[in-house]
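We count ligands from 1, going down the list as the structure has it; atoms in each ligand are counted the same way.
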Amino acid sequence: MNERETLKVNKQGHLEIGGADCVELAKNFGTPLYVFDEAYIRSMMRVYRDTIAEEYGGNGLVLYASKAFSCEAMYVIADSEGLGADVVSGGELFTAMKAGFPAEKIYFHGNNKLPSEIRYALDCKIGCFVVDSATEADLLDAEAEKRGMVQNVLLRINPGVEAHTHAYVQTATPDSKFGFSVHNGTAEEMVAYLLKKKHLRLLGYHSHIGSQIFEKQSFVIAVQKIMEFAAEIKKKYGFEPESVNLGGGFGIWYTDEDSKIPSGGYREYLSALISSVKEQCKKYALALPRILIEPGRSIVGEAGITLYTVGAIKDIPGLRKYVAIDGGMFDNPRYCLYQSKYTAVLANRAAERPTELISLAGKCCESGDLIGINMNLPKAETGDLVAVLSTGAYNYSMASNYNRNLIPPAVLVKEGKAQYIVRPQTYEDLVQYDVIPAYLKK
Ligand code: LLP
């Protein structure tokens, strides 16, 4: 079996993920439950790592964009596959450090890193900051000076390529809180500014053009813009980038409106980026830089599913049928935030064909709390098990305790066996930070 074919229907007609029967998983761990297939995660990490090894002499590093799914086990897996990590907060950094992740392979992102986060990351001796403001550069330089060190940094630039799922636009006046535009001179100013900082060492540039992108050309155009910028800077300042970080953003399958990309397809994305870097370096007589990429969604997205139990069912004649589950926007806010589309399967009757169009409703006290509308499903009954697919990225990591619901636990499946990687919350966990001031006490 291809490691990325994580889902199948077994003889009992149950959905399996990574060889584990979803009905058994629900029995053993309860629902709602996030389930991740370790083999899938590792296979995607290897696709990127091996492409850099084989097509670029290993002169690069894959950084797992841990915002997609951050927990200690994920950093352990990424480390064991030889990846680095991209973190965007003190909390993600703390989780990585707690998991024993090598600090020198951590890249710290964010448009407004807090002074406390900057100090903490310096104390951890992380590999690189991706600088995204002059304020950050000043503070970082001062704090590095205090510690008697020189900190490696990349500058986040904005190449003016706006990518959307299946399209892209090039724009010279990008309105974004991230990065410095290569078109309006601010990126150049920042390079000059950073080169003057005694306690910062500029390694090169970073750019991330968006997420859930299928259009290869948008990545390639971004590379062209970055290298064109690098060439101009070299001419004016004599500075040549030692590293170029091309961000993440490769798309994944959620529904049949999306392409189902085979492993070879992800290799092709990266190959196209690598070829473009080589071409541009030749064109501008630049030395080949170290290539960094930061995939998140494509590593964990399709590796994960969420299991739910069906509760109330409400059929509003002529209007809509609501099938309510024991989860909702607190474990997956992506429909509410982005009207994201998902595929649902009845995991205990997975061989049955869909016969109905339903809306999958959460249990929160809010009408908009849906996982999706007009989803295809066989006729669901109370007690059925629903699996929502491709929920590995930006689900757990964006979950909340809204309505004081418990964030579901997560299990990792390896060779058909599941173990917790995020333990279940309890009601006691919910009140652990609550304080009743003395004067309010009876
Ligand atoms: N690098 C940087 C600097 C990023 O900002 C991101 C994602 C990535 C890498 C990883 O991109 P990926 O390979 O996962 O597409 N919450 C949204 C997605 C936000 C993405 C933010 N940045 C969602 O649920 O769709």
Side-chain angles (χ1 to χ4, degrees), residues 34 41 44-45 47-48 61-70 74 78 83-89 92 106-113 128-133 136 153-159 161-166 168 174 176-180 204-216 218-219 222 226 243-255 258 261 265-266 269-270 273 291-304 306 329 331-342 371-372 388 390-400:
Y34 298 110
I41 293 169
M44 281 305 298
M45 290 178 171
V47 166
Y48 294 128
L61 186 63
V62 181
L63 308 174
Y64 166 57
S66 62
K67 73 207 78 180
F69 177 46
S70 173
M74 273 307 293
L83 270 65
D86 138 6
V87 301
V88 287
S89 69
E92 283 184 0
I106 296 180
Y107 285 62
F108 195 2
H109 275 285
N111 66 307
N112 186 29
K113 300 175 190 77
C128 191
F129 283 73
V130 182
V131 170
D132 201 356
S133 72
E136 177 187 349
V153 300
L154 290 171
L155 174 65
R156 180 157 182 171
I157 62 173
N158 190 336
V161 182
E162 251 180 49
H164 307 279
T165 297
H166 286 286
Y168 63 89
S176 171
K177 70 170 185 170
F178 295 112
F180 292 91
Y205 310 117
H206 167 275
S207 129
H208 170 78
I209 57 169
S211 198
Q212 183 62 1
I213 302 166
F214 288 97
E215 181 52 66
K216 206 185 288 168
S218 48
F219 293 109
I226 296 164
S243 293
V244 171
N245 183 332
L246 303 170
F250 306 130
I252 66 164
W253 176 90
Y254 286 101
T255 70
D258 305 310
I261 302 179
Y266 290 104
Y269 279 121
L270 187 47
L273 290 180
I291 293 181
L292 305 160
I293 56 157
E294 297 169 337
R297 191 191 308 269
S298 57
I299 287 177
V300 279
E302 287 183 59
T306 311
M329 64 193 288
D331 66 79
N332 181 359
R334 295 189 72 257
Y335 175 80
C336 301
L337 284 172
Y338 321 116
Q339 286 75 55
S340 301
K341 293 186 178 168
Y342 283 97
I371 300 294
V388 177
S390 295
T391 58
Y394 305 111
N395 274 225
Y396 173 77
S397 65
M398 292 172 74
S400 75

[X]: numbered ligand 1 atoms lying under 4.0 Å from its heavy atoms:
X      : answer
Gly248 : 9 (C), 13 (O)
Glu294 : 1 (N), 2 (C), 3 (C), 8 (C), 9 (C), 10 (C), 13 (O)
Arg156 : 3 (C)
Met398 : 16 (N), 24 (O)
His206 : 3 (C)
Gly296 : 12 (P), 13 (O), 14 (O)
Arg334 : 23 (C), 24 (O), 25 (O)

Polar atom proximity, Gly249 to ligand 1 (N or O, under 3.5 Å): yes
At under 4.0 Å between heavy atoms, which part of [X] makes contact with ligand 1: side chain, backbone, both or neither?
X      : value
Asp86  : side chain
His208 : side chain
Ala65  : side chain
His109 : side chain

For [atom], the protein heavy atom that lies nearest, with its residue and separation:
atom                    : value
atom 15 (O) of ligand 1 : Ser211 OG, 2.3 Å
atom 18 (C) of ligand 1 : Arg297 NH2, 3.6 Å
atom 20 (C) of ligand 1 : Tyr394 OH, 3.6 Å
atom 21 (C) of ligand 1 : Lys67 CD, 4.1 Å

Name the orientation class of the two ring planes belonging to His208 and His206 (parallel below 30°, tilted from 30 to 60°, perpendicular beyond 60°). parallel
Check contact between Tyr338 and ligand 1, using heavy atoms of the residue and a distance below 4.0 angstrom. yes
Using non-hydrogen atoms of the residue, decide whether Pro295 is closer than 4.0 angstrom to ligand 1. yes
Under the criterion side chain to side chain donor-acceptor pair (under 3.5 Å), I'd like the reasoning laid out for Asp132 against Asn111: C-alpha separation, chi angles, the key distance, then a yes or no. CA-CA 5 Å; Asp132 201 356; Asn111 66 307; 5.9 Å; no
Can you find a pair of side-chain heavy atoms, one from [X] and one from [Y], that are under 4.5 Å apart?
X      : Y      : result
Asp258 : Phe214 : yes
Ile261 : Phe250 : no
His109 : Glu294 : yes
Tyr266 : Pro295 : no
Thr391 : Asn332 : yes
Met74  : Ile41  : yes

Looking at Tyr396, I'd like to know if its OH atom is crowded, meaning that more than 12 non-hydrogen atoms belonging to other residues, nucleotides or ligands lie closer than 6.0 Å. no
Please tell me whether Tyr338 and Tyr394 form a close aromatic pair, meaning their ring centres lie under 6.0 Å apart. no
Could you state the interatomic distance from CH2 (Trp253) to OG (Ser390), rounded to the nearest 0.5 Å? 5.5 Å
